Chemist: 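Can you read through this structure? Questions will come right after.
Everything numeric here is computed off the predicted structure, so don't read it as measured data. Just follow the structure's listing: the first ligand is 1, and inside any ligand the first atom is 1.
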Amino acid sequence: MDKKFENIKQDALVKINNAQSVKELNDVRNEYFAKSGLIAALMGKIRELEPSTRKDYGQAVNNLKLFLEENLGVALEKTRSSELRARLASEKLDLTLPGRNFEVAPQHPFHLVKDEICDVFIGMGYMIAEGDEVEEDMFNFTLLNMPENHPARDMQDTFYINEKLLLRTHTSPVQARVMQSKKNEPLKMISPGKVFRRDDDDNTHSHQFGQVEGLVIGEGISFSHLKATLDLFAKKMFGPKREIRLRSSYFPFTEPSVEVDVSCHVCNGKGCPTCKGSGWIEILGAGMVNPNVLTMNGFDADKFTGFAFGVGIERVAMLRYGIDDIRRFYQNDIRFLKEFPKR
Ligand code: DAH
């Protein structure tokens, strides 16, 4: 009997030593310890034995069981930890490896200049107001002193959506919207955004472009405030040596109205192709808010005055970067876009 158990032990040791993985060791364990395994079978035989030999036999089986448990336990422990080490090694990250190179896109000149314009006015304490690109005829025209059939409506060819709705032709309707939300409270706001006109596209006209609208209302706001503000704006955008000049103009929502020129930043005012030889470049329209506009939008025109201005974003960008065709802003030519600085 001893010999038989010794053989079983040796046989089991060989299997345990040959097992290559935790899974194979568990298979070996099952072979001995499962319900239908060898240990259970050996225990089952006890009933067939002479009562006098049962004790020794039982002890021998128990011995075998302890031997197997001990050896399987040690082997499992060893194999488990070496499997874990192998897994950790395979999952190891080398944090010193340089990362993958993501190419940062350059900024679009439109946004570059729009942000720069906004920053100048944010620095002067203006708030930003957003308007909608689909606007009511009422806000785009009527509340800006252009009632139906007003000839000034023809200054801007309009995409109508229906009788009441249109694609805004300028950012000025945001003036009316902000005035109506404040009513007799002083305000300083700018509103950047897209506008649309039924123009045929060429190198200086586009059916879609950007404007930044500005509006300041308060008690005692005068034309000299407007002039000083625009002078500072021109210097910040085009350099400290720039001067501005104002030419009389007409907009229905301002009175008086002006067209604002800046001295040419390319030739310093001497005359060159950029300024078409005049030394001056037109950059925006502005004026004192027409009292009718103040009244229609809820302000007491006897108490409050204001100034307003509208800047074309592409126009400023074209001057700043020497871009000769407004269509470049929407053609998405990667060679053009790559010329601009990254974020
Ligand atoms: N809305 C005008 C346009 O699109 C630009 C403009 C001119 C805006 C004078 C103003 C202003 O606020 O005062 O042509």
Chemist: Please lay out, stage by stage, how F209 and F110 fare under the test ring pair (Phe, Tyr, Trp, His ring centres under 6.0 Å).
Modeler: CA-CA 9 Å; F209 56 99; F110 178 88; 9.7 Å; no
Chemist: Any heavy atom of M155 sitting closer than 4.0 Å to ligand 1?
Modeler: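 Contact absent.
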Chemist: Which label fits H170 and F253: parallel for a plane angle under 30°, tilted from 30 to 60°, or perpendicular past 60°?
Modeler: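 Perpendicular.
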Chemist: Hey, what's the ring geometry for F329 with H108, parallel, tilted or perpendicular (30° and 60° as the breaks)?
Modeler: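 F329 vs H108 ring planes: tilted.
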Chemist: For ligand 1, which atoms have a heavy atom of G287 less than 4.0 angstrom away?
Modeler: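 So the atoms of ligand 1 that pass are 13 (O).
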Chemist: Sub-3.5 Å donor-acceptor pair from the side chain of S278 to the main-chain atoms of W280, do we have one?
Modeler: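 Confirmed, S278 side chain pairs with W280 backbone.
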Chemist: With only distance considered, is T169 within less than 3.5 Å of ligand 1 through an N or O on each side?
Modeler: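 No, no N or O pair falls under 3.5 Å.
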Chemist: So is F307 touching ligand 1 or not, going by heavy atoms under 4.0 Å?
Modeler: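 No heavy atom of F307 comes that close to ligand 1.
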Chemist: Looking only at protein heavy atoms, which one is nearest to atom 2 (C) of ligand 1, and what is the separation?
Modeler: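 The answer is F253 CZ, 3.9 Å.
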Chemist: Output the list of atoms in ligand 1 that are nearer than 4.0 Å to some heavy atom of F251, sorted by atom number.
Modeler: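 Every atom of ligand 1 under 4.0 Å from some heavy atom of F251: 7 (C), 9 (C).
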Chemist: What part of R197, side chain, backbone, both or neither, has a heavy atom within less than 4.0 angstrom of ligand 1?
Modeler: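 The part of R197 near ligand 1 is the side chain, not the backbone.
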Chemist: Does any part of the side chain of F304, heavy atoms only, come nearer than 4.5 Å to the side chain of E219, both counted from C-beta?
Modeler: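 Yes, at least one pair of side-chain atoms sits under 4.5 Å.
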Chemist: Any side-chain heavy-atom pair from T305 and V289 closer than 4.5 angstrom?
Modeler: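 No; the side chains remain at least 4.5 Å from each other.
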Chemist: Identify, by atom number and element, the atoms of ligand 1 in contact range of Q211, meaning under 4.0 Å from any of its heavy atoms.
Modeler: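 Matching atoms, with element in brackets: 3 (C), 4 (O).
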Chemist: Which protein non-hydrogen atom lies closest to atom 12 (O) of ligand 1, naming both residue and atom, and how far is it?
Modeler: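 The closest one turns out to be E213 OE2, 2.6 Å.
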Chemist: Determine whether the side chains of R197 and T169 contain a donor N or O and an acceptor N or O closer than 3.5 Å.
Modeler: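 No, no side-chain donor-acceptor pair sits under 3.5 Å.
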Chemist: For ligand 1 and A308, I'd like to know whether there is a polar contact (N/O to N/O, distance under 3.5 Å).
Modeler: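 Right, the criterion is met.
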Chemist: Considering only non-hydrogen protein atoms, determine which one is nearest to atom 5 (C) of ligand 1 and report residue, atom name and distance to 0.1 Å.
Modeler: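 For this ligand atom, the closest protein heavy atom is G310 CA, 4.1 Å.
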Chemist: For atom 9 (C) of ligand 1, which of the options G285, G214, P173 provides the nearest non-hydrogen atom?
Modeler: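 The option holding the nearest heavy atom is G285.
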Chemist: I'd like to check which ligand 1 atoms, numbered from 1 as shown, lie under 4.0 Å from a non-hydrogen atom of T254.
Modeler: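 Numbered from 1, ligand 1 contributes 13 (O).
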Chemist: Taking the side chain as every heavy atom from C-beta outward, state whether N268 and R242 have any atom pair closer than 4.5 Å.
Modeler: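 N268 vs R242: side chains touch.
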Chemist: Judged by non-hydrogen atoms, does M288 sit under 4.0 Å from ligand 1?
Modeler: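 No; M288 lies far enough from ligand 1 that no heavy-atom distance drops under 4.0 Å.
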Chemist: When you look at Y321 and F340, which way does the ring pair (Phe, Tyr, Trp, His ring centres under 6.0 Å) test go after all the steps?
Modeler: CA-CA 9 Å; Y321 295 111; F340 296 92; 5.1 Å; yes
